[in-house]
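Each remark here refers to the structure printed beneath this line.
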Amino acid sequence: MKTIRIFIASSSELKEDRDKFRIFISKENDRLIKHKKNIYLELVQWEYFLDAISDTRLQSEYNNAIRNCDIVLCLFFTKVGKYTAEEFDTAYETFKDQGKPRIWTYFKNANITTGAITDEINTLLEFKKKIDGLGHFLTEYSNSDNLINLYRSQMDEIMPVFEAEAASGSSGVADIERKGDAQIPVKNTFNDLLTTRTLLAISAHNRKAGDFLASNPDWAEKVELVRTAKQIIINGYVGVIGGHIRKLMSIGEQDYSESKMKRYLQNCHLTAKRGLQLICFSLISTLWDHQLSKKVKFSSAQSEALVKFFRDASEEDLLGFAVLLKNLLEIFAANNLDFLISEAQGLLPKLAPESDFFEACEKLNEIPQLMKGSGFQLEDCLIAETNLTIVLENLAFLAEYRMISINEIDYNQQRYDNEGLYLHNYTLLVGESQANSNSQSKVRRESSPVISHAVILFKDNYRQNINLDPFIIDFNGLALSGGSKICFYSYCNTFGNLDLNFSFIEDNSPEIVRKSDNPKPDASNLNSLNGWLSKKENRRDMNFDKVYSLFFQAKKTLTGIEEEATEDTF
């Protein structure tokens, strides 16, 4: 039987909430026994301690109990007592040293009379600032029932991990061996939270994930099923997002090292950023189509956001894309514009500054600054994984969509064939696909063509799609070099040579698209045009010139700004 020790830290004013929580834990134990989970939840509360149990300071007994707990639950209302703050500090320092206990902080948001407000309210405000600076998330609750419902959802997430440990005989969720100042995990817990929660999140949008969970309720207890779960997640999230999750899963499996932590942090940040970019690029591309057919007016803030996107001379950061996403969603909502990814509208209220989603984006946005120093620790990886999980849970609807890169389209018509067929050479972009691999190429026969040399996103019918050109491109497809190299738009050298800068999704390396000085012959002269097109290098220049011109067409349509080339006035 594995015992999970839960310590509740709070002031006496929340005794009723603690009592009801104790009843909840008792019921949970009954359920665990009924289902033979081999787990017992032991509740540790300060009411259980007596002054007579030790000759030492009673608070020292509390602190020692915390160090031996798996979970610490901190409840706050109108004040943060000296000892409660000490209990949080003890739990936090123990977590940094050992990787446990897991810590949750809940702040009661309920009516109080003005007469009940004292100077102690300042201790609450200071404590909130303190834990915000630590990157620790706080949650509000309205009453004891709300607290229990909130924590029940958290228990649902972490129980599979504890159950797996109970089956394997492991002693803790994040056992760590200290060698000098290094923290060496004995048990690799990278991606545990990410796997458990994202699998559940996409199960409502991905049939394979739903069927897997229904057929394997104990999947977290079996190593081979955990691998299957990770593969479902990788291939579940649309295209490039799944590819980034694949890298995270791979990094998480590696032996502990400072390099591993660094790469894990970097990829947590980049995965979240790519998710926001994908939706922003999809909205901008669709808005461009709407503006060409039915022009809508933008507010000053919305116009500024679009101008900033097209004129920025450096890549926007993750938080900048969150702000851009909010403005774009407001444009679509205010003007009742159709958007293929209709589920994205549900993100609008979650982009409010006080939301968990926005706060997760804020914390992930701090990672590049953290990486400039050498002070990051294992704890930072766990925090980053938690924040990324929150972002991916809110983007779970992307599991309903697919991405393909369409390269050349050939026309095939045989003798006595009156109609002929178009052969679409394309690459299905899934999480498990490797960059520059020709093995992912496919051919589809159709009676009519779709646009070539474009990355498109679709749900059910690939003819009803979002064309992501020129914001997401297949560099190798455009270069006619074989394989697939998906690149995201980064920025334009607006105040320089107007080159377009892209980032390769696999390693974030740069690729540049610039306007060639290779003029295409007049289309009216077919002989000259055919001769020009017969050379591969000319077709390559034509493809990249099209990307270049499309970007500035989109810029003009959505901002009114013409190409900003600087003329030589000498």
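Note: hydrogens, waters and symmetry copies are ignored here, and every other heavy atom, side chains too, is used.
Scanning all heavy atoms of the two residues, the minimum distance from Phe310 to Thr559 falls at CD1-CG2, 3.8 Å. Nearest approach of Phe339 to Ile466, heavy atoms of both residues: CE1-CD1, 3.7 Å. Closest approach of Pro217 and Ala214 over heavy atoms only: CD-O, 4.1 Å. His269 approaches Asn365 most closely through the heavy-atom pair CD2-CA, 4.2 Å. Taking each heavy atom of Tyr401 and Glu343 in turn, the nearest pair found is OH-OE1, 2.7 Å.
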Would you mind writing out the side-chain donor-acceptor pairs for residues 320-333 within the sub-3.5 Å range, not counting sequence neighbours?
from   : atom 1 : to     : atom 2 : distance (Å)
Lys326 : NZ     : Glu330 : OE2    : 2.7
Asn327 : ND2    : Val323 : O      : 3.0

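With hydrogens and angles disregarded, no donor-acceptor distance shorter than 3.5 Å links the side chain of Tyr491 to the backbone of Thr494. With hydrogens and angles disregarded, a donor-acceptor distance shorter than 3.5 Å links the side chain of Asp545 to the backbone of Ser516. Of the possible polar contacts, none joining the Asn206 side chain to the Ile202 backbone as a donor-acceptor pair under 3.5 Å is found. For the pair Ser355 (side chain) and Lys350 (backbone), a donor-acceptor distance under 3.5 Å is present. Not a single donor-acceptor pair under 3.5 Å links the side chain of Thr196 to the backbone N or O of Leu193. When atom types are taken as modelled, the side chain of Asn216 and the backbone of Asp218 share no donor-acceptor pair closer than 3.5 angstrom. Side chain of Asn191 to main chain of Leu194: no donor-acceptor pair is present (N/O by atom type, distance under 3.5 Å, no hydrogens or angles). Within the 3.5 Å criterion, the main-chain N or O of Ser299 finds a donor-acceptor partner in the side chain of Gln302. At least one donor-acceptor pair closer than 3.5 Å links the side chain of Asp507 to the backbone N or O of Ser509.
The 12-atom threshold is not exceeded at CD of Gln369, counting heavy atoms of other residues, nucleotides or ligands nearer than 6.0 Å. Summarising the local packing, CZ of Arg207 is surrounded by 12 or fewer heavy atoms from other residues, nucleotides or ligands at distances under 6.0 Å. A 6.0 Å sphere centred on NZ of Lys459 holds more than 12 heavy atoms belonging to other residues, nucleotides or ligands.
Taking the side chain as every heavy atom from C-beta outward, Ser259 and Lys262 never approach each other to under 4.5 Å. Between Leu278 and Leu468 the shortest side-chain heavy-atom distance falls below 4.5 Å. Considering only heavy atoms from C-beta on, Glu304 stays 4.5 Å or farther from Phe309 through its side chain. In this structure the side chain of Ile241 never reaches within 4.5 angstrom of the side chain of Leu395, judged on heavy atoms. Between Asp356 and Thr139, the closest side-chain pair of non-hydrogen atoms is not below 4.5 Å. Ile512 is not listed as a side-chain neighbour of Leu500, based on a closest heavy-atom distance of 4.5 Å or more. Taking the side chain as every heavy atom from C-beta outward, Arg197 and Ile390 approach each other to under 4.5 Å.
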- Message: Applying side chain to side chain contact (heavy atoms under 4.5 Å, CB included) to Cys361 and Val391, what does each step give before you reach the verdict?
- Response: CA-CA 7 Å; Cys361 291; Val391 171; 4.2 Å; yes
- side chain to side chain contact (heavy atoms under 4.5 Å, CB included) between Ile245 and Leu392, intermediate numbers included: CA-CA 10 Å; Ile245 295 174; Leu392 290 177; 4.0 Å; yes
- Query: Checking side chain to side chain contact (heavy atoms under 4.5 Å, CB included) for the pair Asn267/Leu248: CA distance, chi angles, key distance, verdict?
  - Reply: CA-CA 6 Å; Asn267 279 279; Leu248 274 174; 3.7 Å; yes
- Item | Check against side chain to side chain contact (heavy atoms under 4.5 Å, CB included), Ile473 and Val513 | CA-CA 10 Å; Ile473 62 173; Val513 174; 4.1 Å; yes
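With a 6.0 Å cutoff to the six-membered ring centre and a 45° limit on the axis angle, Arg274 counts as a cation-pi contact of Phe488. Both tests hold for Lys485 against Phe504: distance to the six-membered ring centre under 6.0 Å, angle to the ring axis within 45°.
When each of Leu213, Ile232, Thr228 is checked for a side chain to side chain contact (heavy atoms under 4.5 Å, CB included) with Trp219, only Leu213 meets the rule. The side chain to side chain donor-acceptor pair (under 3.5 Å) with Lys273 is formed by just one residue from the set Glu316, His244, Glu315; it is Glu315.
Salt bridge absent: Lys555 and Glu562 never bring a charged side-chain N and a carboxylate O closer than 4.0 Å. Salt-bridge check for Lys230 with Glu253: passed, with a basic side-chain N closer than 4.0 Å to an acidic carboxylate O. A salt bridge links Glu506 to Arg246: one of the charged nitrogens lies within less than 4.0 Å of a carboxylate oxygen.
The aromatic rings of Phe475 and Phe544 sit tilted, their planes meeting at an angle between 30° and 60°. The aromatic rings of Phe190 and Tyr264 lie perpendicular to each other, with more than 60° between the two planes, well past the 30° mark.
To the nearest 0.5 angstrom, Asp289 atom CG is 8.0 Å from Asn467 atom CG.
With no hydrogens or angles considered, no side-chain donor-acceptor pair links Asn387 and Lys363 at under 3.5 Å. Donor-acceptor pairing under 3.5 Å is lacking for the side chains of Arg540 and Asn543.
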